[in-house]
Amino acid sequence: MIILDEEAQHDVTRLCIQAALLLLQYGAGSKVVVDVSTRLGYALGATRVDCALTANSIVFTTLFNHFCITTARRNVDRGVNMTVVSEVQRIMLAAENGEMDRAAVHDALTSLQPRSYPPQLVLFMVALSCACFARLSGGDWAVCSLTFAASLCGMRLRQWLAGLHFNMALVFMATAFLTSLIAGLGVRYHIGNDPHIAMAAAVLMLVPGFPLINSLSDVLKGYMNMGIGRWALATVLTLGTCLGIVSALALLGIDNWSGGV
């Protein structure tokens with residue numbers, strides 16, 4: 001049995017909330033956040049662990065020998081990165097198996113850095129996937145090329161604005177506007193067999209799939225507040241996308257977005 005003095009319990013509490021914060025920041029579901037962080041607390045010697053989540057913060061409590069320590073941290077969304085989520089889970093499992101003590105867990109969490117794909121590769125693959133959707137929807141090579149160009153320019157704008165830390169709703173609106181504006185040129189100038197396909201396929205990169213999936217998962221698993229918060233975020237991002245599309249169509253004088261799709 002692990003014996004914790006006051007300083008050690010403070011360390012355990014900080015490590016647990018650090019793990020929970022990493023999970024929440026990088027896209028883990030609420031149940032995963034709570035389960036992994038509480039199991040880490042038990043593995044490090046706490047007799048009781050409680051974790052409360054809101055959309056913008058985490059409150060964490062550990063108990064040992066009737067001595068209770070509570071701490072809170074503010075949550076800032078850092079995008080989806082399942083590498084971080086997997087690594088935190090691996091650290092928790094190692095602590096449960098006795099392979100890591102408090103010092104090792106601290107070092108592992110502190111040194112954990114999110115790994116991401118090169119921006120140029122993301123840019124190309126997103127544009128390629130949108131072009132493939134256009135092809136699957138019946139577009140010819142001209143429509144696919146238009147879709148590729150529109151989504152490439154839109155995704156590059158999104159990366160640039162996100163790097164400047166603009167509000168995500170404005171980022172989605174600006175991205176949807178530029179993407180729809182370029183794809184809409186195909187409708188104005190009758191490019192390809194059905195240029196409306198390009199307008200629909202090019203903006204598929206803006207569908208907030210991960211927040212929507214997480215929101216439904218949270219609601220079904222009993223984390224109602226988190227589910228509603230994530231659903232609200234997805235709704236705001238969708239609204240920004242719609243405003244960008246409508247603005248581009250109005251500028252081009254197009255009154256039919258989807259055509260025969």
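What you see is a predicted model, and the numbers here were worked out from it, not measured in a lab.
Around atom CD of Glu99, more than 12 heavy atoms belonging to other residues, nucleotides or ligands sit under 6.0 Å away. Counting heavy atoms of neighbouring residues, nucleotides and ligands inside a 6.0 Å radius, atom CZ of Phe133 does not exceed 12 of them. In Phe166, the CZ atom is not crowded: 12 or fewer heavy atoms of neighbouring residues, nucleotides or ligands sit closer than 6.0 Å.
A donor-acceptor distance shorter than 3.5 angstrom exists from the side chain of Gln9 to the backbone of Phe67, with no hydrogens or angles considered. Not one N or O on the side chain of Ser86 forms a donor-acceptor pair closer than 3.5 Å with the backbone of Thr83. Between the side chain of Thr61 and the backbone N or O of Thr70 there is no donor-acceptor pair closer than 3.5 Å. Listed for the Thr179 side chain is no donor-acceptor partner under 3.5 Å among the backbone atoms of Ala176. In this structure, Ser57 contributes its side chain and Thr54 its backbone to no donor-acceptor pair below 3.5 Å. The backbone N or O of Pro119 sits less than 3.5 Å from a side-chain atom of Gln159, completing a donor-acceptor pair. Although no hydrogens or angles enter the test, the distance criterion places a donor-acceptor pair under 3.5 Å between the side chain of Asn214 and the main chain of Gly27. Asp218 places no side-chain N or O within 3.5 Å of a backbone atom of Ile228 that could act as its donor or acceptor partner. Remark: side-chain polar atoms of Ser215 are paired, donor with acceptor, to backbone N or O of Leu212 under 3.5 angstrom. Without hydrogens or angle criteria, Asn193 side chain to Asp140 main chain gives a donor-acceptor distance under 3.5 Å.
For the atom pair CD1 of Ile91 and CD of Gln18, the computed distance is 8.5 Å after rounding to the nearest 0.5 Å. Met168 contributes atom CE, which lies 7.5 Å from atom OG1 of Thr175 (distance to the nearest 0.5 angstrom). The OG atom of Ser151 sits 9.0 Å away from atom CG of Leu128, with the distance rounded to the nearest 0.5 Å. Remark: Leu152 CG to Ile182 CD1 distance equals 8.5 Å, nearest 0.5 Å. Atom CG of Leu44 sits about 11.0 Å away from atom CE of Met92, to the nearest 0.5 Å. Between the CG atom in Leu15 and the OG1 atom in Thr110 there is a gap of 7.5 Å [rounded to 0.5 Å].
Residues Leu178 and Trp160 are members of one and the same hydrophobic cluster, defined by side-chain heavy-atom contacts under 4.5 angstrom among Ile, Leu, Val, Met, Phe, Trp and Tyr. A single hydrophobic cluster is seen to contain both Phe60 and Met226, as judged by linkage of ILVMFWY side chains at heavy-atom distances under 4.5 Å, directly or through other members. Leu206 is not connected to Leu204 by any chain of hydrophobic side-chain contacts under 4.5 Å among Ile, Leu, Val, Met, Phe, Trp and Tyr, and they are in different clusters. Cluster membership for Tyr42 and Leu109, using ILVMFWY side-chain heavy atoms within less than 4.5 angstrom, is shared. Under the 4.5 Å side-chain contact rule for hydrophobic residues, Val36 and Leu112 share a cluster.
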### Task
Kindly determine whether Phe210 and Met82 satisfy side chain to side chain contact (heavy atoms under 4.5 Å, CB included), including the steps that lead there.
CA-CA 11 Å; Phe210 218 91; Met82 289 296 103; 3.7 Å; yes
### Message
Assess the residue pair Thr62 and Thr13 against the criterion (side-chain hydrogen bond (donor to acceptor under 3.5 Å, both in side chains)); give the C-alpha distance rounded to whole Å, side-chain angles, the decisive distance to 0.1 Å, and a yes or no.
### Response
CA-CA 6 Å; Thr62 61; Thr13 307; 2.6 Å; yes
### Task
Using the side chain to side chain contact (heavy atoms under 4.5 Å, CB included) rule, take Phe64 and Arg48 through it: C-alpha gap first, then chi angles, then the decisive distance, then the call.
CA-CA 7 Å; Phe64 184 80; Arg48 178 166 179 175; over 6 Å; no
### Task
For Arg39 and Ser37, run side-chain hydrogen bond (donor to acceptor under 3.5 Å, both in side chains): C-alpha distance rounded to whole Å, both residues' side-chain angles, the deciding distance at 0.1 Å, then the answer.
CA-CA 6 Å; Arg39 286 173 62 180; Ser37 58; over 6 Å; no
### Intermediate values then yes/no, side chain to side chain contact (heavy atoms under 4.5 Å, CB included), Glu87 and Gln113
CA-CA 10 Å; Glu87 285 298 312; Gln113 296 293 330; over 6 Å; no
